[in-house]
Amino acid sequence: MGKNHKKIVLLILACIFFIWLLLIGVIVFLLWNDTRDPYNNAISSEKIPRFTQMRIDKWHSFSGEVSLPMRWSTLIDINNDWVDEIFLWGWAWQEDQIYQYWWDEFIDISSQFRLSKEVNENTLAASSVDLDNNGFSDLIVSRDNWVFAYFNLWKWFIKRRINTWMNNRTSPLWLTFWDIDKDGDLDIFVAWYIKKDQMNGLTNFSAWYGGMSALLLNNGDKSFSNINALAWLEYTHNTFQWIFVDLNNDSWLDLVVAYDTWEPRIYKNNGDLSFSFQKNPYTDKFSYPMWIAVGDYDNDGDSDIFFSNIGSSLPKFMVKWDLETTRDLELWWFLFENNGDFHFKDVADITKLRDYEFSWWAVFHDMNNDSLQDLIVAENYVDLAFHKYFPLPWRFLLQKGDQTFAAAWKKSGVENSHYWITPLISDFNNDWLQDLVWVNIAGSSYAYIQEKTNKNSYINISFPETAQYIWAAVTIILDDGTSLYDAYIIWEWLAADQSNTLHFWLWESKNIQEITVRLVDGLEISLPPKINTTYKMKDYE
């Protein structure tokens, strides 16, 4: 080979090496850039709450070969002292656990209760609800192949299996409870997701991929009947979450669904055990709606809907699977503003939420005590290698007075770069400030206890976890005529059941005109208006 030929070969190799370095550099930059805040939307420091970190459990084990990349949890007030305990599930060969806040630490009280399970079973979903109407919250848990109810007898649990018509291809990923026929008994909706060993890709948009979720009507004797056909809900696809919410304020709970690798769907409750499909801004499009958060972000008296999504983390060509085109593939975050009568507008762009990255579970909650709904969103995927080296910061987003959301995870002290699955929110130390729990997979979970940084007025309303009160709507009218709204939703976040206490901060208001609680059967209960008070609804029955 002549000298010229050698020079040409070396030049070609150098070009290839340079292109390779450039490509690696571009990828690294994009991964790093994905961890940054896409919006320059600052919020004043006095609006940012401060938290102190506290580790809860020692370590959570995980194996992606046998389990979906999830970790489930729930808040449950086991002993009716109006302070929540935390249920954290374990992977196969790891016990489920219950933690109680006691003297500035969380202690493991699992041994006091009989949470027996098969040694090789993964716990999947968990919820707390008074299923047998005995005044104590029960623990309902799904595992690889069955759903179990642990009935709470105050000092111990009694385990009973619930027949939910399992099959060998899917597992019960999510449990939602409500009284569909208003007969006083809680009914169950079970969302199905394909088992790990049956999966055919993580980006599979094929129709009928997964299992048909089941709407189970309570027969009144702790048994249930599948009424999918009667309810017009015979639809098969992998489902992350179904949530029931009264979208048109007619006291009948409507249905919002997050179908993984499909589309977000909304169904109207017709009041006769049937539902009718309602179009939304992304009907007939493809997306990855992971999870749903419901809240009245604009304080206009109706419920708005947030859907998490893949966001900016992955380009469309990598996640389109067998779609012929990416024209109808939508990856950004969605925020459906409720304009009444099942008309919705996506306002994620104007509220500065649209352009964030890969996300899991989300919740609306007023965390900085200004009567505006803030948004907390979980991030990081344990099965994606680049999240190990470039972890997303997750998003703690505070709403401003202009109805936009500003990032505040660093200054608040709640930054979490682990594989975060879901947030839990409750007041563990009875100081009327809302605390936060990050439930992490493949690692420890952490609690963040809010520091006392303000002296604003508040109102707490605590509900029994029974059919009578689930989805009770609360309206508070302040002395200046401003109205605050919220509803008692306890199954809002993926694999996480929330507190049975609604918390309202009144900012600088020192007087309120009225407090009204409207139950799902239409009954309205007026509470004597008084600031800095915790109302226990069982006292007003």
Side-chain angles (χ1 to χ4, degrees), residues 68 70 72 74 121-129 131 138-150 160-183 185-196 198 207-245 252-270 272-277 289 291-292 467 470-471 490-492 494-495 497:
L68 294 169
M70 313 290 184
W72 283 258
T74 185
E121 271 193 321
N122 297 295
T123 301
L124 297 182
S127 289
S128 68
V129 65
L131 197 59
D138 308 309
L139 180 65
I140 296 83
V141 175
S142 75
R143 299 200 169 100
D144 290 323
N145 297 300
W146 298 103
V147 175
F148 297 94
Y150 291 86
R160 177 172 177 172
R161 192 173 73 187
I162 296 177
N163 185 7
T164 51
W165 297 271
M166 301 294 181
N167 61 71
N168 60 5
R169 294 191 66 248
T170 57
S171 290
L173 188 65
W174 177 247
L175 304 171
T176 302
F177 297 81
W178 70 303
D179 185 6
I180 185 175
D181 52 358
K182 297 186 180 181
D183 65 350
D185 294 320
L186 284 170
D187 311 299
I188 307 177
F189 199 99
V190 183
W192 296 88
Y193 202 95
I194 197 163
K195 290 183 177 180
K196 184 73 176 183
Q198 299 287 324
W208 313 106
Y209 177 58
M212 182 184 296
S213 299
L215 181 56
L216 307 178
L217 191 68
N218 194 323
N219 297 322
D221 58 359
K222 297 183 181 180
S223 67
F224 298 83
S225 300
N226 189 317
I227 62 167
N228 275 27
L230 176 64
W232 302 347
L233 293 175
E234 292 185 298
Y235 184 79
T236 299
H237 201 80
N238 274 336
T239 307
F240 270 136
Q241 184 190 17
W242 296 62
I243 188 168
F244 295 97
V245 50
W252 291 97
L253 299 186
D254 309 298
L255 190 56
V256 183
V257 189
Y259 287 116
D260 186 25
T261 64
W262 201 252
E263 66 181 14
R265 285 198 170 190
I266 297 172
Y267 296 87
K268 177 184 177 181
N269 188 334
N270 299 318
D272 58 359
L273 297 183
S274 70
F275 293 80
S276 56
F277 174 75
W291 210 242
I292 307 164
I470 291 173
W471 251 103
I490 58 176
W491 301 285
E492 186 175 358
L494 181 59
D497 175 7

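One-based numbering along the sequence shown. Note that the structure is a prediction, hence the values are computed from the model and not measured.
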Asks: Between Ile266 and Asp254, is any pair of side-chain heavy atoms under 4.5 Å apart?
Replies: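 A side-chain contact is absent here, since even the closest heavy-atom pair is not under 4.5 Å.
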Asks: Once ring-ring contact (aromatic ring centres under 6.0 Å, His included) is applied, do any residues pair with Phe244, and if so which ones, sequence neighbours excluded?
Replies: Trp178
Asks: Please report the closest heavy-atom contact between Ala258 and Pro289, naming both atoms and the distance.
Replies: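 Answer, listing the atom of Ala258 first, then Pro289: CB-O, 3.4 Å.
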Asks: Distance from Leu186 atom CG to Leu216 atom CG, nearest 0.5 Å?
Replies: 12.5 Å
Asks: Which atoms form the tightest heavy-atom contact between Thr74 and Ser128, and what is the distance?
Replies: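 Minimum heavy-atom separation between Thr74 and Ser128: OG1-N, 3.7 Å.
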Asks: Measure the OG-CD1 distance between Ser127 and Ile188 for me, rounded to the nearest 0.5 Å.
Replies: 9.5 Å
Asks: Within this structure, what is the CD1-CG distance for the pair Ile243 and Leu255, rounded to the nearest 0.5 Å?
Replies: 9.5 Å
Asks: Rounded to the nearest 0.5 Å, what separation is found between the NZ atom of Lys182 and the CG atom of Leu253?
Replies: 7.5 Å
Asks: Restricting to side chain to side chain contact (heavy atoms under 4.5 Å, CB included), what partner residues turn up for Asn270, sequence neighbours left out?
Replies: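 Testing Asn270 for side chain to side chain contact (heavy atoms under 4.5 Å, CB included), a comparison that skips the adjacent residues, returns Trp232, Lys268, Asp272, Ser274, Ser276.
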Asks: Kindly compute the distance separating CD1 (Ile180) from CZ (Phe189), expressed to the nearest 0.5 Å.
Replies: 9.0 Å
Asks: Could you tell me which residues satisfy side chain to side chain contact (heavy atoms under 4.5 Å, CB included) with Ala149, sequence neighbours excluded, listed by chain and number?
Replies: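 In terms of side chain to side chain contact (heavy atoms under 4.5 Å, CB included), with neighbours along the sequence ignored, Ala149 is linked to Leu131, Ile140, Phe151, Ile162.
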Asks: My understanding is that only residues two or more places apart in sequence, or in another chain, count here; which of them pass side chain to side chain donor-acceptor pair (under 3.5 Å) with Asn228?
Replies: none
Asks: Could you check if a side-chain atom of Leu233 sits within less than 4.5 angstrom of a side-chain atom of Tyr267, using non-hydrogen atoms only?
Replies: yes
Asks: If I compare all heavy atoms of Phe224 with all of Asn218, which pair ends up nearest, and what's the gap?
Replies: CD2-CA, 3.5 Å
Asks: Look up atom CZ in Arg161 and atom CH2 in Trp146, then write down how far apart they are to the nearest 0.5 Å.
Replies: 4.0 Å
Asks: Give a yes/no verdict on a cation-pi contact between Arg265 and Phe277, requiring under 6.0 Å between NZ or CZ and the six-membered ring centre and an angle within 45° of the axis.
Replies: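 So Arg265 does make the cation-pi contact.
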Asks: Just jot down the side chain to side chain contact (heavy atoms under 4.5 Å, CB included) partners of Asp183, sequence neighbours excluded, or say none.
Replies: Asp179, Asp181, Asp185
